[in-house]
Amino acid sequence: MAVIAKDRFFVATALAALVISTGAQAAGQCGKDGSGFAAWVEAYKADAQARGIDTGPMKGVKYDTGVIRIDRSQHKAFKGTVEQFLARRAPASYVSKAKGYMKSQAGLLRKIEAKFGVQPEVLLAIWGMETGFGANSGNKSVFGPLATLAYDCRRSEFFTNELDSALEIAQKGYISAAQMRGAGFGELGQTQFLPSKYLQYAVDFDGDGRRDLIHSRADVLASTANFLRGHGWSAGGGYGPGEANYGVWNDWNRATIYQKALAEFAHRIAN
């Protein structure tokens, strides 16, 4: 997930990589098992606190063997054909439910499309495939998994940035630490935003003064539209293979089968 804005993008990316790398190195050595986790956490806390980050929400975090196991076997979830994937993640019942939302939420969806240029069926497809329209957002604190993945050598720099972002969200009061619960990889809300993407793209669309991706349907769908627009979504453009917006799916999920399934799910909702 990255906004492409020509020269400014490359400068910003270079600076971000330097900051993340510096933070990760300052936190201590990454590891491939839990033996060095406690020491890493203490080093990370010291470094984060020196950068003005409140690490209180990390109290009691433990090495999460479950998230490591899932991380190592993610490829298994993307095996098979597109139809097999859709049967698991977007069955006929989901298409029917999404069509119901097209009618019951028509006013909200029209307002979002007018502002962000993203078609209603696209947002409903993402919402359905990610969490079953909010029913399966998860109830696991994000801080343990994020700390574990930040410590793990495979993607330490990436998840150190996500851990920093999650702590910033809590520190600034955007979402309370107690409410920051997800499916297990640090994702937040009904369309599973990583913390850094919450900071970049979450919007308050219902006007209550909060960017609530956990409880507010308006904020959830509008924020998802804002993310897609921020990654180059062309208003009204097609989203199937070879069409104007198809490449934007890659910024949502890099698995080819997921991208094809989202496009097909959206088409089934619209037709």
Side-chain angles (χ1 to χ4, degrees), residues 1 3 86 89-139 169 173-176 179-183 187-195 197-240 243-249 251-253 258-259 261-271:
M1 297 179 177
V3 178
L86 283 165
R89 300 292 294 271
S93 61
Y94 276 29
V95 176
S96 178
K97 192 166 188 175
K99 286 179 179 289
Y101 280 126
M102 284 279 278
K103 295 178 181 177
S104 67
Q105 303 299 312
L108 171 63
L109 291 165
R110 280 196 299 270
K111 289 178 183 177
I112 293 173
E113 184 173 15
K115 183 171 179 62
F116 299 104
V118 180
Q119 298 93 314
E121 68 271 18
V122 168
L123 302 177
L124 294 173
I126 291 174
W127 188 29
M129 193 172 288
E130 288 291 343
T131 66
F133 308 101
N136 305 306
S137 298
N139 194 36
I169 290 168
Y174 298 143
I175 309 174
S176 72
Q179 287 186 312
M180 292 177 67
R181 310 183 76 82
E187 311 98 320
L188 295 164
Q190 296 185 33
T191 53
Q192 301 287 276
F193 271 41
L194 284 169
K197 302 310 171 189
Y198 174 95
L199 292 173
Q200 286 179 273
Y201 297 109
V203 296
D204 170 23
F205 203 71
D206 62 12
D208 69 352
R210 301 172 61 234
R211 297 182 290 169
D212 186 355
L213 304 192
I214 298 171
H215 305 105
S216 171
R217 184 175 294 164
D219 291 1
V220 167
L221 297 175
S223 297
T224 304
N226 190 38
F227 174 96
L228 295 174
R229 183 180 68 172
H231 287 79
W233 194 271
S234 177
Y239 44 78
E243 295 184 302
N245 291 316
Y246 188 71
V248 181
W249 292 130
D251 292 317
W252 185 265
N253 189 299
Y258 201 103
Q259 297 163 19
L262 271 176
E264 178 58 26
F265 187 15
H267 278 303
R268 292 180 185 184
I269 294 167
N271 297 313

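- Rounded to the nearest 0.5 angstrom, Ile214 CD1 and Met180 CE are separated by 8.0 Å.
- Separation of atoms CZ (Phe133) and CZ (Arg217) is listed at 10.5 Å; rounding is to 0.5 Å.
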| message | With side chain to side chain contact (heavy atoms under 4.5 Å, CB included) as the criterion, how do Gln105 and Leu221 come out once you've worked through the C-alpha distance, each side chain's angles and the decisive distance to 0.1 Å? | response | CA-CA 11 Å; Gln105 303 299 312; Leu221 297 175; 5.7 Å; no
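- With rounding to the nearest 0.5 angstrom, the NZ atom of Lys197 is 8.5 Å from the CG atom of Asp251.
- Between Arg181 and Leu188 the shortest heavy-atom distance is N-CD2, 4.3 Å.
- Remark: Thr224 pairs with Thr191 by the side-chain hydrogen bond (donor to acceptor under 3.5 Å, both in side chains) rule, at least two apart or across chains.
- Pairing each heavy atom of Gly240 with each of Tyr246, the nearest pair is O-CB, 3.1 Å.
- The side-chain contact (heavy atoms from CB on, under 4.5 Å) check on Asp204 picks up Asp206, Asp208, Arg211, Asp219, with sequence neighbours excluded.
- When every heavy atom of Val95 is checked against every heavy atom of Ala90, the shortest pair comes out as CG2-O, 4.4 Å.
- Counting all heavy atoms, side chain and backbone alike, Tyr94 lies closest to Gly132 at OH-CA, 3.5 Å.
- Side-chain contact between Glu130 and Trp252 is present, with heavy atoms from C-beta onward closer than 4.5 Å.
- In terms of modelled atom types and a separation under 3.5 Å, the side chain of Thr131 and the main chain of Gln190 share a donor-acceptor contact.
- Rounding to the nearest 0.5 angstrom, the gap separating the CG atom in Leu194 from the CD atom in Gln200 is 10.5 Å.
- Between Tyr201 and Phe227, the angle of the ring planes goes over 60°, which puts this pair in the perpendicular group of the 30/60° scheme.
- Between Ile126 atom CD1 and Phe265 atom CZ the span is 10.5 Å, to the nearest 0.5 Å.
- Ring orientation note: the planes of Tyr101 and Trp127 are tilted relative to one another, at an angle of 30° to 60°.
- To the nearest 0.5 Å, atom CG of residue Leu228 and atom OG of residue Ser223 are 11.0 Å apart.
- Across all their heavy atoms, Ser137 and Gln192 have their closest contact at O-NE2, 3.4 Å.
- Of all non-hydrogen atoms in Met102 and Leu109, the two that sit nearest each other are CA-CD1, 4.1 Å.
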Would you list the atom pairs, donor with acceptor, under 3.5 Å between side chains in residues 110-123 and any protein atom, with sequence neighbours excluded?
residue, atom, partner, partner atom, Å
Gln119, OE1, Trp233, NE1, 3.0
Gln119, NE2, Gly237, O, 2.8
Glu121, OE2, Tyr239, OH, 2.9

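- For the pair Met129/Tyr258, a side-chain contact is recorded, criterion being any heavy-atom separation below 4.5 Å from C-beta on.
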